[in-house]
Amino acid sequence: MSSIRFICQCCHQPLRLTRNSSGLGSSQEPAAPELPSAQGPPGETSEEGSASRVETRAEKLQDGASGWTLPGDGQMSRCSPRKFTLLGEPVSGRSLSSIQKATGGIFDILSGEGDLDHPLCEDCTDNLLEELDSQLTISESDCQNYQRCVVTGERSEDEREALQEELRGAELEEARLVQQLEEVERNQGRAAAALEAAQAETAMLDQQERRHHRDCSDLHWQQLELRDELSSVENQLRLARAQLARLEKTNAFRSVFEIRKDGPLAVINNFRLGCLPTEPVSWAEIGAAWGQAALLLVALSRALGLQFQRYRLVPCGNRSYLTSLAGDGPELPLYYARGQCPLLQSKFDQAMVAFLDCMQQFQEEAEKGEPGLCMPHRIHAERGLLEDAGAGRLYSIRTHRNTEESWTRALRLLLTNFEWCLAWVSLRHCQK
């Protein structure tokens, strides 16, 4: 039967039980008979073979224990040699139950005192015994002191009064501390209630803070949107002001009505007014030019706030005409087609004379303003004539009994007066 190995619970060294220590737990049982070894050499008795095997295992254990230590987890690790004492010699002739009982008795004896668990080696056992001896010495000294106090018995009256006084002081101190404890408990209750109220108020304030943060975020978002809208409006305002400044510098009459000269002929909005044998012009173009002149005179009269007294101009492109405000005359057309009856040519001449009358009314009204208008060519509306101040001649605006050159010259003088009217209205508009 193989030997049983144990480890010291203090220094973790391997242990072997002695023959005397094993007998502590096997005094009541007989020893088990030793069996002969089946593997021993021939001629050797069972007792001699068993003893040799025990000695061989002891030597191996002694050699291995001198170079290995067992830590707390039970695993062996190689370390520096550490000397220890094996308790007794191994005996393999006992039964397993007797060995267990013996070791259990030893464990109970060793673990009954101290903080260390069993089993222990010889050095650890000696240390444990020394510690127990010191504790025993202290206990004996305390016991002697207690016996001495019991033997002395009664104390003196002064000592008793001092102790009584000390006891009363301790009782008063205890009562005071109890009152302080009750006050502290009451304060603790009030503090707990105040803490709960403060926590509730903190929760409410946190909720209000979150709501305020949300409202602040919404207001900030609205601010950004309004800022964007404001920037857009400011950009639109700057654009509108720039357009207004450009429009203020723009002359609407000059932009809409363009009057220029094309050789001996006058042109209004790209329509020639008049004709010559060398430069023939269709009556449709002449009628369109008269329509532009009628539209210009109506626009100038409205800018001046003038109401014509005898005639009303109706601009209708190349079919413009005048009507009498008395209501008793026919329409006077400002257009003519060659080859028509002489009656239409007569009405065309009357329409041009009536146009001169409206032109003269505008001149008279414009001369009253500040600054007054002064046309370069004087108008004689009763006779249908225009005076050329430079040449000192009068030109008729009628076609009847008139040459094309003279009639074209009169129309050129008329458009020259319109140029001066446009300049005067533009200056008056800029001053306003």
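Model, not experiment: these values are computed from the prediction.
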Open item on the list: According to salt bridge (Lys or Arg N to Asp or Glu O under 4.0 Å), who are the partners of Glu419, at least two apart in sequence or on a separate chain?
Closed with: Lys261
Task: Closest non-hydrogen atom pair, Ile379 against Gln360 - done: O-NE2, 3.7 Å
Task: Heavy-atom side-chain proximity of Glu209 to Leu205 below 4.5 angstrom - done: no
Open item on the list: Please determine whether a side-chain nitrogen of the Lys or Arg among Arg168 and Glu171 lies less than 4.0 Å from a carboxylate oxygen of the Asp or Glu.
Closed with: no
- [ ] Give a yes or no on whether the backbone of Thr137 and the side-chain of Ser141 come within a donor-acceptor separation of less than 3.5 Å.
- [x] no
Task: Within 6.0 Å of CD in Gln208, more than 12 heavy atoms from elsewhere - done: yes
- [ ] Inspect the surroundings of CZ in Arg241 and state if more than 12 heavy atoms from other residues, nucleotides or ligands are less than 6.0 Å away.
- [x] no
TODO: Start with the C-alpha distance between Val256 and Leu295, add both sets of side-chain angles, then the distance that settles side-chain contact (heavy atoms from CB on, under 4.5 Å), and finish with yes or no.
DONE: CA-CA 11 Å; Val256 176; Leu295 180 61; 5.8 Å; no
- [ ] Would you kindly say whether Asp357 and Gln361 are connected by a side-chain donor-acceptor distance under 3.5 Å?
- [x] yes
- [ ] Not counting sequence neighbours, which residues clear ring-ring contact (aromatic ring centres under 6.0 Å, His included) with Phe355? List them please.
- [x] Trp290
- [ ] Work out which heavy atom in Cys275 is nearest to a heavy atom in Leu265; give both atom names and the distance.
- [x] N-CD2, 4.1 Å
TODO: Can you spot which of Asn318, Asn269, Asn270 makes a side-chain hydrogen bond (donor to acceptor under 3.5 Å, both in side chains) with Gln292?
DONE: Asn269
Open item on the list: If you compare all heavy atoms of Ala410 against all heavy atoms of Leu386, which two are closest, and at what distance to 0.1 Å?
Closed with: O-CD2, 3.9 Å
Task: Test: Arg272 and Asp262 ion pair at under 4.0 Å - done: no
- [ ] Indicate the atoms forming the closest heavy-atom contact of Phe418 with Leu296, along with that distance.
- [x] CD2-CD2, 3.5 Å
- [ ] Could you tell me whether the side chain of Arg412 reaches within less than 4.5 Å of the side chain of Thr408, counting heavy atoms only?
- [x] no
- [ ] Would you check if Trp424 and Met375 make a side-chain contact, meaning some heavy-atom pair closer than 4.5 Å?
- [x] no
TODO: Identify the two heavy atoms, one from Ser320 and one from Tyr335, that lie closest to each other, and give their separation to 0.1 Å.
DONE: O-CD2, 3.5 Å
- [ ] Taking all heavy atoms of Glu331 and all of Thr323, pick out the closest pair and write down the distance.
- [x] CG-CG2, 3.9 Å
